[in-house]
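A short worksheet on the structure shown next.
Residue indices begin at 1 and follow the sequence shown.
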Amino acid sequence: MQGLRGWRMAALGVLMIGAAGTVLAQSPAAPRQRGGAFVMPGQEGAASGATAQPQDEIDAKPALDAALAWLQLTDGGMADKSWREASPLFQHTMRPTEWLQTLRAARAPLGRVVSRKIASATFTRSLPGAPDGEYVVIQYDTVFQNKAQATETVTPARGLDGRWRVAGYLIK
């Protein structure tokens, strides 16, 4: 439970101190994105299928789709539904009422989303304070009504059932 406790601190800090620049670290040995897949370092031929083993490559689309669907819930003010759709890791960090308060405090001053585009997406198997697993750290360049330049970091995690669900969220 110690690992989850550490993740709780990171997840709670994400929105409460995210504006001060708290960022989820990315693994330095993380795979690079090539097309719609992530390729492990040293496996550059994997994108063509020449030398790749299945665990060396993942399809990024399901993680990106999960992140966007979840962001649409938060954009719509549906904190309760976004909490239910989040990963168990996220849900263990705070109760739905805490998430509602945290989300409102972070997003209300920013106003509505004007635009959002993917700036980067990085696959990693390790995040500080979180159990090892499969994560995609996605950064969006976002323009809000009251903030012309923001970076949203959304981190989906692949669950035991194979589904991608958001495990972390940051605005800075």
Side-chain angles (χ1 to χ4, degrees), residues 3-4 6-33 36-38 58-79 81-83 85-94 98-159 163-172:
L4 286 180
W7 178 252
R8 176 179 183 164
M9 295 307 294
L12 286 175
V14 161
L15 281 174
M16 291 193 286
I17 58 175
T22 300
V23 179
L24 294 174
Q26 296 177 17
S27 169
R32 291 185 299 273
Q33 186 173 4
F38 290 95
I58 69 159
D59 180 7
K61 187 170 178 1
L64 295 169
D65 289 348
L68 185 57
W70 189 84
L71 281 170
Q72 289 171 341
L73 294 173
T74 64
D75 293 346
M78 294 183 266
K81 188 163 185 177
S82 68
W83 185 88
E85 293 293 321
S87 77
L89 199 57
F90 184 98
Q91 293 172 348
H92 288 302
T93 66
M94 66 186 89
E98 293 172 311
W99 170 237
L100 173 65
Q101 293 169 350
T102 304
L103 182 62
R104 281 185 182 166
R107 292 287 299 267
L110 303 176
R112 67 176 177 77
V113 172
V114 175
S115 68
R116 176 184 286 132
K117 69 176 187 156
I118 295 174
S120 67
T122 304
F123 175 80
T124 185
R125 295 185 189 277
S126 179
L127 290 172
D132 287 348
E134 293 184 24
Y135 303 92
V136 178
V137 180
I138 306 165
Q139 291 192 320
Y140 295 90
D141 291 330
T142 306
V143 175
F144 290 95
Q145 182 179 11
N146 301 323
K147 185 167 180 64
Q149 191 174 25
T151 300
E152 288 179 294
T153 302
V154 181
T155 306
R158 189 188 314 236
R163 284 189 56 208
W164 289 94
R165 294 178 184 88
V166 171
Y169 180 58
L170 162 74
I171 302 171
K172 71 173 195 168

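- Shown here are the side chain to side chain contact (heavy atoms under 4.5 Å, CB included) partners of R158, two or more places apart in sequence or in another chain: I58, E134, W164.
- Side-chain contact between V137 and T153 is present, with at least one heavy-atom pair separated by less than 4.5 Å.
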*Start with the C-alpha distance between F144 and R112, add both sets of side-chain angles, then the distance that settles side-chain contact (heavy atoms from CB on, under 4.5 Å), and finish with yes or no.*
CA-CA 6 Å; F144 290 95; R112 67 176 177 77; over 6 Å; no
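- Considering only heavy atoms from C-beta on, E152 comes within 4.5 Å of T142 through its side chain.
- Of all the heavy atoms in V114 and Q145, the pair that sits closest is CG2-N, 3.7 Å.
- Smallest separation of non-hydrogen atoms from P131 and L89: CD-CD1, 3.8 Å.
- Using modelled atom types, one side-chain atom of N146 and one backbone atom of P109 make a donor-acceptor pair closer than 3.5 Å.
- Applying the salt bridge (Lys or Arg N to Asp or Glu O under 4.0 Å) rule to pairs touching residues 67-79 yields D75-R107, D75-R116, sequence neighbours excluded.
- Side chain of W83 to main chain of M94: a donor-acceptor pair is present (N/O by atom type, distance under 3.5 Å, no hydrogens or angles).
- Smallest separation of non-hydrogen atoms from A86 and W70: CB-NE1, 4.0 Å.
- Side-chain contact between I138 and T155 is absent, with no heavy atoms from C-beta onward closer than 4.5 Å.
- With values rounded to the nearest 0.5 angstrom, I171 atom CD1 is found 10.5 Å from T151 atom OG1.
- A distance of 5.5 Å separates OH of Y135 from CG of L127, quoted to the nearest 0.5 Å.
- Every side chain to side chain contact (heavy atoms under 4.5 Å, CB included) that L73 has, sequence neighbours left out, goes to M78, K81, S82, E85.
- Under the 4.5 Å side-chain criterion, counting only non-hydrogen atoms from C-beta, T122 is not in contact with V136.
- Minimum interatomic distance between P156 and A63 (heavy atoms only, all atoms of both residues): CG-O, 3.5 Å.
- Looking at heavy atoms from C-beta onward, P88 lies in side-chain contact with H92 at the 4.5 angstrom threshold.
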